[in-house]
Amino acid sequence: MFHQIEKRIRDAVSAHVRARYGIEDAEAAVEEPRQSSFGELAMPLAFQLAKKLRKAPKAIAAELASELGAIEGVAALEVAGNGYINVRLDRGYYGRAALEGAGEQPSAAGGKVIVEHTNINPNKAAHIGHLRNAVLGDTFARMLRATGRQVEVQNYIDNTGVQVADVVVGFHYLEPRSIEAVRELASGDWFDYLCWDLYARVSAHYKDHPEAVRWRQATLHAIEAGDGELAELAHLVADAIVLAHLRTMRRLGITYDVLPRESEILRLQFWATAFEQLKERKAIHLETEGKNAGCWVMPGSAYSGDAAEDDSKVIVRSDGTVTYVGKDIAYQLWKFGLLGKDFHYRPLFREDNGHVVWVSTHMPSGEAPLFGRGSEVYNVIDSRQSYLQDVVTAGLRALGYNEQADKSVHFSYEMVALSPRTCVELGIELSEEDRKRPYVEVSGRKGLGVKADDLIDKLIENAEVEVDSRHPEAPEEERARVAAQIAVGALRYFMLKYTRNTVIAFDFQEALSFEGDTGPYVQYAAVRARNILRKYEERGERLPGFRTALDREAMGRQLASEDFWQLLLAASKADTAIARAAASGEPSHAARYAFQLAQAFNAFYHDYPVIHEQDPEKKTFLLWMTDYFRSQLDRTLGVLGMEAPEYM
RNA sequence: GGGCGCGUAGCUCAGGGGAUAGAGCAUCGGCCUUCUAAGCCGAGGGUCGCAGGUUCGAAUCCUGCCGCGCCUGCCA
């Protein structure tokens with residue numbers, strides 16, 4: 001809605017500048033003034049032209065404003081300040097366009113976008129750091145879909161790595177337990193929690209008994225060979241934990257299209273194929289001396305502008321095994337359809353809405369959708385891995401795939417740490433200097449951190465207290481559902497409100513808050529809007545036909561009110577806000593928009609009792625505004641993966 | 001040492017060439033007989049780390065410095 005008129009103005013202005021001054025490349029920048037009294041749009045164009053035309057900005061602005069002519073939907077152009085041109089929209093026209101939902105169809109341009117996120121090591125329960133990853137990735141995917149893109153969500157499962165091996169070591173050597181005993185545990189509800197503790201115990205054991213690392217070696221070899229009890233144990237553990245993670249994420253409305261697994265990357269020899277390509281193009285070479293003698297390495301110059309001479313990344317170890325980065329290069333090639341190989345797939349399970357989550361296999365097993373072959377790839381991975389992501393992209397470049405390298409985006413974000421206060425609450429001992437820091441890094445290895453399910457449970461518990469006190473008469477099942485929706489809203493919003501490169505110092509008090517800049521605040525505004533409409537209908541009245549009752553003139557009359565106009569304007573910007581957030585890759589922008597829109601509505605709600613309005617035209621208009629706001633906020637909430645509860 | 005990021009109100013964070021620097025929390029003071037107060041209104045609170053530079057204009061861009069974090073593995 002908003003961006004269409006914005007574009008119309010920009011086009012008209014650049015055409016005029018071209019014709020009038022013969023300036024071709026004039027970027028008719030259109031901004032939103034910081035003060036609403038300046039109008040809806042502002043153009044600092046005159047400042048840009050001042051030098052070229054050797055004229056005062058103010059004079060140019062006056063000239064432009066008077067000569068520009070009529071633009072559909074624009075009521076007036078005004079010169080302000082030292083040379084701004086402020087645009088005032090035709091409110092009646094704009095309101096009517098919003099009512100008719102003019103041209104809301106997103107254009108489905110470009111090929112498939114692959115978004116990879118979550119990627120949790122399948123050896124223990126998910127924690128809050130993983131939540132940030134999954135919520136960011138899921139929201140970004142929703143944003144892209146909302147702008148018309150085709151999106152495939154992948155969740156890479158490293159089921160053959162050291163972390164899984166360590167848990168296997170725990171079960172097999174430390175405890176020790178039989179496969180049957182572990183299978184029994186794995187079918188229980190708390191397996192991921194159990195492994196969380198076991199993993200911490202194994203890590204601690206290594207520290208006190210360095211020789212125990214040979215257990216890990218034996219396990220890794222067994223996993224790689226793919227047979228024997230240790231390998232079976234590894235699969236058992238990883239498969240069960242993956243299901244636990246998917247269950248956790250589904251609580252937050254997060255799901256996936258396909259789970260490519262490392263075991264298939266090995267089994268189907270993805271690496272061998274990539275290795276041949278890399279050797280052939282001389283992207284990597286066998287080091288003959290120095291600390292990396294016997295390894296295949298990528299020279300530092302490939303992935304870093306000013307790397308030191310001896311700075312290079314080992315891709316294949318001297319024992320012939322491939323590092324994670326190597327496998328990741330193969331995987332990245334596959335995502336673009338450049339590897340010349342594919343996985344086989346089987347359905348892992350079908351969700352309630354019919355959506356099927358697929359997982360890779362090494363054997364053909366019937367029909368499956370076409371996965372991979374993306375034209376853009378976003379890897380949602382925390383910023384600590386930027387070095388490795390650079391190496392992966394450099395791998396593509398070295399193979400001559402510059403276009404795909406350009407389309408490989410490390411969608412990075414900063415870590416989730418713990419506030420000192422929360423550490424104390426969790427009983428984590430802090431050193432003298434840690435206490436002074438704003439945050440403390442979590443350590444999965446030590447078993448320190450906040451488990452995702454614990455946090456969700458706690459949020460639900462808190463929401464239930466509130467819901468129960470407000471709606472004691474409602475059925476329990478319903479109250480539970482509402483509490484869960486509020487909890488999810490609070491959690492997702494909390495993970496989204498920070499910009500990606502802000503370290504979140506996780507604090508229980510802040511995360512559990514339902515007031516102010518929080519998810520429930522936004523949900524509450526949506527609930528209030530729906531309450532008005534519901535109450536209205538409960539009185540036996542039917543909503544008027546807005547299309548006939550509110551013509552352009554009526555819109556113009558009502559929107560003369562600055563309050564109404566500002567709310568309408570804010571609500572109409574939903575698509576613009578989502579599109580901008582998607583384009584800048586910053587989900588926090590969408591969250592911020594939702595919050596600001598909710599703020600605007602809450603003020604409106606307080607000042608204008610809709611149902612009690614006496615003037616018929618105004619009442620119809622207020623009802624429409626309420627309905628319009630609700631639909632625009634619902635849309636935004638959908639993109640954020642939040643639901644508006646039936647009541648709050 | 002090198003790379004990336006950060007430094008804005010008491011706290012947590014937005015803003016990232018443009019008009020009078022914003023929000024939430026906290027503090028203080030108001031508003032529930034009205035469509036639910038998870039709300040609304042108001043007040044106080046700022047050397048935008050420091051110093052230079054670029055220009056009509058710098059919190060924003062550049063350089064240097066100071067402080068903090070992450071990365072810099074034949075772990076992932």
Side-chain angles (χ1 to χ4, degrees), chain A residues 29 31 33-35 38 42 44 47 50-51 56-57 80-84 86 119 121 158 161-163 216 262 287 291-297 300 304-308 311 313-325 327-328 382-388 390 412 414-415 417 419 437-439 441 463 466-467 470-471 486 490 497-499 501-505 507 509-510 513-525 527-536 538-539 588-589 592 595-596 598-599 602-613 622 626 647-648:
Chain A
E31 340 175 310
R34 49 192 316 114
Q35 261 185 61
F38 291 152
F47 296 108
K51 200 172 248 175
N82 287 323
Y84 274 97
N86 291 337
N119 303 1
N121 272 308
D158 180 5
V162 190
Q163 303 215 26
R216 176 197 274 173
E262 186 151 287
E287 199 76 77
K291 60 175 180 168
N292 293 333
C295 299
W296 286 86
V297 305
S304 168
D306 42 11
D311 208 10
K313 178 67 194 165
V314 172
I315 306 295
V316 179
R317 303 182 187 100
S318 54
D319 67 1
T321 58
V322 60
T323 60
Y324 167 79
V325 195
K327 284 177 275 195
D328 221 21
D382 81 74
S383 65
R384 288 174 287 194
Q385 296 195 46
S386 63
Y387 169 65
L388 296 173
D390 287 346
S412 76
E414 281 289 346
M415 63 177 169
S419 76
R437 289 188 186 154
Y439 52 81
E441 196 172 346
E466 298 292 329
V467 174
R470 282 158 221 244
H471 304 277
I486 293 169
K497 70 191 252 190
Y498 300 94
T499 51
N501 54 12
T502 296
V503 176
I504 297 181
D507 187 88
Q509 198 164 310
E510 277 177 34
S513 167
F514 294 160
E515 288 166 21
D517 187 10
T518 67
Y521 176 94
V522 181
Q523 291 172 311
Y524 191 52
V527 168
R528 284 176 136 183
R530 233 209 357 245
N531 269 354
I532 294 173
L533 300 170
R534 203 190 56 225
K535 275 275 157 60
Y536 181 77
E538 273 173 13
R539 293 173 159 219
S588 69
H589 291 344
R592 179 153 294 271
F595 176 64
Q596 286 168 349
Q599 269 185 320
N602 274 332
F604 166 85
Y605 180 92
H606 181 265
D607 293 340
Y608 303 95
V610 176
I611 291 178
H612 307 288
E613 175 57 47
L622 291 176
T626 303
Y647 51 80
M648 282 179 78

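Chain A is the first sequence line, chain B the second, and so forth, proteins listed ahead of strands; every chain is numbered from 1. Computed from a predicted model, the values in this text were never measured in an experiment.
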Exercise for the section: Examine B:rG69: is either OP1 or OP2 under 4.0 Å from a nitrogen or oxygen in the side chain of A:R437? Give yes or no. Expected result: yes
Problem - A:K535 side chain near B:rU36 phosphate (N/O to OP1/OP2, under 4.0 Å) - result: yes
Practice task
Considering just the side-chain nitrogens and oxygens of A:Y605, establish if one lies under 4.0 Å of OP1 or OP2 belonging to B:rU34.
Solution key: no
Practice task
With RNA chain B as reference, determine whether A:E441 or A:Q35 sits nearer its 5' end, using the nearest nucleotide of each.
Solution key: A:Q35
Practice task
Taking only Lys NZ, Arg NE, NH1 and NH2, and the carboxylate oxygens of Asp or Glu, determine whether A:R384 and A:E441 approach each other closer than 4.0 Å.
Solution key: yes
Handout entry: base_contact_polar (B:rA38 base, A:R470 side chain, donor-acceptor, <3.5 Å)
Key = yes
Fill in the blank from the handout: Against the side chain of A:S318, the closest entry in B:rC74, B:rU12, B:rC40 is B:rC74
Exercise for the section: From the options B:rC74, B:rG39, B:rC35, select the nucleotide whose nearest atom is closest to the side chain of A:R539. Expected result: B:rC35
Practice task
Give a yes/no on whether any side-chain N or O of A:Q599 is located under 4.0 angstrom from OP1 or OP2 of B:rG24.
Solution key: yes
Handout entry: Short side-chain N/O contact to B:rU36 OP1/OP2 from A:N531, under 4.0 Å
Key = yes
Handout entry: A:R317 side chain near B:rC75 phosphate (N/O to OP1/OP2, under 4.0 Å)
Key = yes
Handout entry: OP1 or OP2 of B:rC4 under 4.0 Å from side-chain N/O of A:N501
Key = no
Practice task
Answer yes or no: does a side-chain N or O of A:H612 lie under 4.0 Å from OP1 or OP2 of B:rC35?
Solution key: yes
Problem - Nearest to side-chain heavy atoms of A:E414, which nucleotide of B:rC40, B:rG5, B:rC13 - result: B:rG5
Handout entry: Listed nucleotide nearest any side-chain atom of A:H471, set B:rU36, B:rC74, B:rA38
Key = B:rU36
Practice task
Taking only the side-chain nitrogens and oxygens of A:R528, find out if one of them lies under 4.0 Å from OP1 or OP2 of B:rA37.
Solution key: yes
Handout entry: Phosphate-side-chain proximity, A:Y324 and B:rA76, N/O vs OP1/OP2 below 4.0 Å
Key = no
Exercise for the section: May I ask you to verify if any side-chain N or O of A:T502 is less than 4.0 angstrom from the OP1 or OP2 atom of B:rA14? Expected result: yes
Handout entry: Span that lies between the C1' atom of B:rG16 and that of B:rU60, in whole angstrom
Key = 4 Å
Problem - Proximity to the side chain of A:A603 - top-ranked nucleotide from B:rC41, B:rA19, B:rG69 - result: B:rC41
Practice task
Just label B:rC32 as syn or anti from its O4'-C1'-N9-C4 or O4'-C1'-N1-C2 angle, using within 90° of 0 for syn.
Solution key: syn
